[in-house]
Amino acid sequence: DLVRSRGLGDVYKRQAQDTGFRDFLRKQNIVLFRSPLEGISFVVRGNDGYHLEENGYGHYAWDLEKVKADGSRFHGAGTSNEDYETWDAPVLLPTAGVVVEVERNGRDNVPGSYPPDAVNNMVGVWLGGHYYVYILHFRRDTIPTDANATCAPAVPGVPCVKVGAWLPAGSYLGRAGNSGVSLEPHVHVTLLYYDVDTPNPRTWSIPGELTEAHVARSASGPSTLHEYAVPRTGDYISDRAF
């Protein structure tokens, strides 16, 4: 494929400006068809900042938080998870695929810190080929799982999120939390490429795009509809006009 033919190192260095790579991903439907959060989300961190310090695993990730109409992300002092608009919000799968990894039992942190052994509650989904999407920081024990032939926690009409399950875009995955390497409740989402042509196979974060996304620089809008969008730090995004 395109990544292998050019060599991952070369692509990774310039892929943000590589229109050929972008067009290849679009053609293969390696895009996000919706936001993982309903309503208006604030892009706390886009493809920059601390994500550039994650050894290639998060260069092109987004950290998203729900906001109120005035743009505020939390009420009160913001010292408890319950203060945050994102806490316990439904998280939806942004594109269809097969579940390949699930972690659901990590503890949620107190805002402002996380322990050295923090576990990211997550769902990893295979999109085809070498491509995956990962969503992180779920609230503990909210990802539906098989238990005694039932799906727990029980949500009517919701499939269990388990390895091997194919899930359509928009599937309910669980609730937003503050688990793992996280200082406050938010949702981390990134597209990944799995590189097997190396002595130590690993994944690399790759540029992602949202389709039919409404984007603005204010929570009150007005938003602009983009056929393809790469949300930046400080943007507000939604699947509907605002």
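For the single chain, residues carry numbers from 1 onward in sequence order.
Contact check for T79 versus P111: no side-chain heavy atoms found under the 4.5 Å cut-off. Side-chain contact between F138 and V91: present, with at least one pair of heavy atoms (C-beta onward) separated by less than 4.5 Å. Proximity of F33 to P94: side-chain heavy atoms (C-beta onward) are nowhere separated by under 4.5 Å. The side-chain heavy atoms of L127 and V125, taken from C-beta on, include a pair separated by under 4.5 Å. Residues H186 and H137 are in side-chain contact: their nearest non-hydrogen atoms beyond the backbone lie under 4.5 Å apart. Residues I40 and I237 have side chains not in contact (no heavy-atom distance under 4.5 Å, counting atoms from C-beta outward). Side-chain contact between V67 and E85: absent, with no pair of heavy atoms (C-beta onward) separated by less than 4.5 Å. Between L173 and I135 there is a side-chain heavy-atom pair separated by less than 4.5 Å.
The main-chain N or O of G177 is never found under 3.5 Å from a side-chain atom of D108 such that the two would form a donor-acceptor pair. Judged by distance alone, the side chain of T95 and the main-chain N or O of L32 form no donor-acceptor pair under 3.5 Å. At least one donor-acceptor pair closer than 3.5 Å links the side chain of N120 to the backbone N or O of V181. W62 places no side-chain N or O within 3.5 Å of a backbone atom of V43 that could act as its donor or acceptor partner. No donor-acceptor pair under 3.5 Å is formed between the side chain of N109 and the backbone N or O of Y114. For the pair K66 (side chain) and A89 (backbone), a donor-acceptor distance under 3.5 Å is absent. Distance alone, capped at 3.5 Å, is enough to place a donor-acceptor pair between the N178 side chain and the E184 backbone. Listed for the S179 side chain is no donor-acceptor partner under 3.5 Å among the backbone atoms of R139. A donor-acceptor pair under 3.5 Å is absent between the side-chain atoms of D23 and the main chain of G20, judged by distance alone.
Taking OG1 of T86 as the start and CG of L64 as the end, the distance is 8.5 Å to the nearest 0.5 Å. Rounded to the nearest 0.5 angstrom, R140 CZ and N105 CG are separated by 6.5 Å. To the nearest 0.5 Å, the span separating CZ on R22 from NZ on K27 amounts to 14.0 Å. Atom CZ in F74 sits 5.0 Å away from atom OH in Y84 (nearest 0.5 Å). Taken from CD in E38 to CZ in R240, the straight-line distance is 8.0 Å, to the nearest 0.5 Å. Within the model, atoms CG of L191 and CG of L25 stand 7.5 Å from one another, a figure rounded to the nearest 0.5 Å.
Contact between R104 and P144 at its shortest, heavy atoms only, is NH2-O, 3.2 Å. Between G39 and S238, the shortest heavy-atom contact is O-OG, 3.4 Å. Nearest approach of I143 to E103, heavy atoms of both residues: CD1-O, 3.5 Å. A219 and G71 get closest at one heavy-atom pair: CB-CA, 3.6 Å. The shortest non-hydrogen separation linking R45 to Y50 is CB-OH, 3.3 Å. Across every non-hydrogen atom of F21 and Y131, the tightest pair is CE1-OH, 4.3 Å.
W126 and L136 fall within the same hydrophobic cluster, where Ile, Leu, Val, Met, Phe, Trp and Tyr residues are linked whenever their side-chain heavy atoms come under 4.5 Å apart, directly or through other members. Following chains of ILVMFWY side-chain contacts shorter than 4.5 Å, one cannot reach V163 starting from Y132, and the two form parts of different hydrophobic clusters. Both V161 and V189 sit in one connected hydrophobic cluster of ILVMFWY residues. Membership requires side-chain heavy atoms under 4.5 Å apart, directly or through other members. Residues L167 and V133 fall within the same hydrophobic cluster, defined by Ile, Leu, Val, Met, Phe, Trp and Tyr side chains chained together at heavy-atom separations under 4.5 Å. One hydrophobic cluster, built from ILVMFWY side chains closer than 4.5 Å, holds both V99 and I30.
Paired with H51 under the rule side chain to side chain contact (heavy atoms under 4.5 Å, CB included), one option of D63, T233, T190 passes, and it is D63.
Residue K68 places its NZ atom among more than 12 non-hydrogen atoms of other residues, nucleotides or ligands, all under 6.0 Å distant. In this structure, R217 places its CZ atom where more than 12 heavy-atom neighbours from other residues, nucleotides or ligands lie under 6.0 Å away.
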### Task
Go through the steps for N55 and R202 under the test side chain to side chain contact (heavy atoms under 4.5 Å, CB included), then give the verdict.
CA-CA 11 Å; N55 193 29; R202 56 158 292 175; 3.6 Å; yes

### Task
Evaluate the criterion side-chain hydrogen bond (donor to acceptor under 3.5 Å, both in side chains) for residue pair N200 and T198; output intermediate values, then yes/no.
CA-CA 5 Å; N200 299 299; T198 176; 5.7 Å; no

### Worked check of side-chain hydrogen bond (donor to acceptor under 3.5 Å, both in side chains) between E101 and Y134
CA-CA 9 Å; E101 186 175 3; Y134 267 70; 2.6 Å; yes

### Task
Give the C-alpha distance, both sets of side-chain angles, the deciding distance and a yes or no for side chain to side chain contact (heavy atoms under 4.5 Å, CB included) between Y60 and S205.
CA-CA 6 Å; Y60 298 102; S205 174; 3.5 Å; yes

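Residues Y194 and H130 place their aromatic rings such that the two centres sit no closer than 6.0 Å.
The pair D239-R34 counts as a salt bridge, with a side-chain nitrogen and a carboxylate oxygen less than 4.0 angstrom apart. For E65 and R73, the salt-bridge test passes: some basic side-chain N is under 4.0 Å from an acidic carboxylate O.
Side-chain contact annotation: D83 with S80, donor-acceptor N/O pair under 3.5 Å present.
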Quick one: side chains of residues 206-216, donor-acceptor pairs under 3.5 Å with protein atoms, not counting sequence neighbours, listed by atom name and distance.
from	atom 1	to	atom 2	distance (Å)
E209	OE1	R26	NE	2.9
E209	OE2	R26	NH2	2.9

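Between F42 and Y236, the ring planes lie tilted relative to each other; the angle falls in the 30° to 60° range.
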